[in-house]
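Since the structure comes first, as structure tokens, the remarks are kept for the end.
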Amino acid sequence: MTVRTRFAPSPTGFLHIGGARTALFSWAFAKKHGGDFILRIEDTDVARSTPEAVQAILDGMQWLGLDYDEGPFYQMQRMDRYKEVIQTMLDAGSAYYCYSSREELDALREQQMANKQKPRYDGKWRPEAGKVLPMPPAGVAPAIRFKNPVDGVVAWDDMVKGRIEIANAELDDLIIARADGTPTYNFCVVVDDSDMGITQVIRGDDHVNNTPRQINMLKALAELDAKIVIPQYAHLSMILGNDGQKLSKRHGAVSVMQYDDDGYLPEAVINYLARLGWSHGDEEVFSKQQFAEWFDLDHITPSAAQFNTEKLNWLNAHYIKQADNAYLVKDITKRLAKLGVAISEQPALPAVIDLYKERANTLNELAASIAYFYQNPIIDEASAEKHLTAEIKPVLAALVQSLRSIDWQAEAIHHQIEAAVTSNSLKFPKVAMPLRVMLTGIAQSPSIDQVMALLGKDEVLARVNSALK
RNA sequence: GUCCCCAUCGUCUAGAGGCCUAGGACACCUCCCUUUCACGGAGGCGACCGGGGUUCGAAUCCCCGUGGGGACGCCA
């Protein structure tokens, strides 16, 4: 049987890091087994679903390069199918109308909570052999409930967590269609996973509690249609924030696109996410393709994982070093523009990037650190005070003169600095440091002769002269 | 409250009863490289939640405890 996995987000917000990892693992499992990865949008909560959120999810997946073989399918476009299945369940007696009002149900729940009981439906409208149902109240539109088995246990071998067993006595009759006729989540998932031939359901472990209900519905459906099979389930643990706290809208949950904004490469985010809760021996750095070849459910950690920006930074720095310059030039030009810096012909951006790409954790850092090539540097006062001393200024003034006539190459520049250093019996940094501050604004830069070579003779002379005034 | 899940360095993890004196990676520290800062290289610090079993032998299996998390909607 061909492997078919799916990612099924509800479009009520952006694609966050947890969803992205779920999608990545589902994608990888399908790729590993030569199967199909399906995207399904679970938009039955009309009140909270938005087209913007759908787009945000699509954008996030595209940025990460998680391509799907089928979809996106929209549940709202499958209403007829859901209603059809509900009717067959009603006919077969595995579903029934429930006339309990929301108020009634709320009161029941509250009372049960007060009695320290597990809140559950009391079965008032559940048909039972020999049971006399109350008269349906007039003018009340009924919801439809699934008739869950009362006895026995539901069990499955979770591919991440191992065998999980839940007593049917713990479950109640969930609503599969609202009073207005729209089907609810657990039911739609069952119909879709079944119709779409999903073989492995890989999802967040907040769904563990839904699984027994879904299996029971699948079993009921299978009695009506022998072709229906129960998929395998794999429940991924959640991702915690940097501080070990749960991610939420209020606390640290951000869109994957935020990582783009913040200067992270998708390769780095993919690599990082892959290693969060999954491992392949001691392997740390690998591509998406390599991940897809290695991926397996046996090496997923069942426990929650804490996000660690520092490790992401390390990976990102690695991928920036690896990135090809054409890509970086395009990207950095954009980021510089955002900083209000327009690049000019000279110094050539590829050369500047070459000089700096080994020094940045993020693309934003890279852009910010080279801005001084295209605009006057903002001189750091403390550095200026420390390095640009009264004693060294005459040396620098003389050095500038000697630089006027030389061939503007890093080596020649180095020679001149060296000459100034020896003739004044100084140490190299004594001269290099003030130059750094005058030219770049700060006391850290790549090799100063290379910086000067790139900056250009005129610009160097202008900046030094202006700083010496 | 009930049910379910989880538990190895600060963090991500390796670990399938002897290969474990518990390995790797990030972070941190030291040294080397050096023209400052990075990069790179070498080293260091640092963990099996607790208690009982099972076994010749347990990080690994079982039980109890503790701690953390999730779920209990006409949300998904």
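In the text below, chain A, chain B and the rest are named by the order of the sequence lines, each starting its count at 1.
In this structure, a donor-acceptor pair under 3.5 Å is present between the side chains of A:R335 and A:N364.
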Under 3.5 Å donor-acceptor pairs involving side-chain atoms of residues 140-147 of chain A, not counting sequence neighbours:
residue: A:R145; atom: NH1; partner: A:D173; partner atom: O; Å: 2.6
residue: A:K147; atom: NZ; partner: A:P127; partner atom: O; Å: 3.1

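Taking 3.5 Å as the limit, the base of B:rU35 and the side chain of A:H414 contain a donor-acceptor pair of atoms between them.
A:R213 is listed as a side-chain neighbour of A:D172, based on a closest heavy-atom distance under 4.5 Å. For the pair A:R78/A:D195, a side-chain contact is recorded, criterion being any heavy-atom separation below 4.5 Å from C-beta on. No side-chain heavy atom of A:N242 sits under 4.5 Å from any side-chain heavy atom of A:E310. You'll find the side chain of A:I176 stays beyond 4.5 Å of the side chain of A:Y82, heavy atoms only. Side chains of A:R203 and A:R6 form a contact here, defined as non-hydrogen atoms less than 4.5 Å apart.
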Sugar-phosphate means primed atoms, P, OP1 and OP2; the rest is base. With that split, encode nucleotides 21-34 of chain B 5' to 3' as B, S or - using protein heavy atoms under 4.0 Å.
--BBBSS-------
Using a 4.0 Å cut-off on protein heavy atoms (strictly under), produce a 5'-to-3' string for nucleotides 62-76 of chain B with B for base contact, S for backbone-only sugar-phosphate contact, and - for none.
-------SBSBSBBB
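The partner of B:rG65 is B:rC49, judged by Watson-Crick or G-U wobble contacts that both fall below 3.5 Å. The pairing partner recorded for B:rG1 is B:rC72, the criterion being a Watson-Crick or G-U wobble arrangement whose two distances lie under 3.5 angstrom. Pairing partner, B:rA38: none, since no Watson-Crick or wobble contact has both distances short of 3.5 Å. Base pairing annotation: B:rC19 forms no Watson-Crick or G-U wobble pair, as no partner gives both donor-acceptor distances under 3.5 Å. Nucleotide B:rG57 forms no Watson-Crick or G-U wobble pair with any nucleotide shown, as no partner meets the under 3.5 Å limit on both distances. The pairing partner recorded for B:rC28 is B:rG44, the criterion being a Watson-Crick or G-U wobble arrangement whose two distances lie under 3.5 angstrom.
What you find for A:Q200 and A:M159 is that their closest heavy atoms are CG-SD, 4.1 Å.
Distances from the side chain of A:I164 to the nucleotides B:rU36, B:rC5, B:rC6 place B:rC5 closest.
Residue-level contact check: A:G277 touches the backbone only, with heavy atoms under 4.0 Å from sugar-phosphate atoms and none from bases.
Residue A:S237 places no side-chain N or O under 4.0 Å from the OP1 or OP2 atom of B:rC6.
In this structure, A:F286 has its ring center closer than 6.0 angstrom to the ring center of A:W294.
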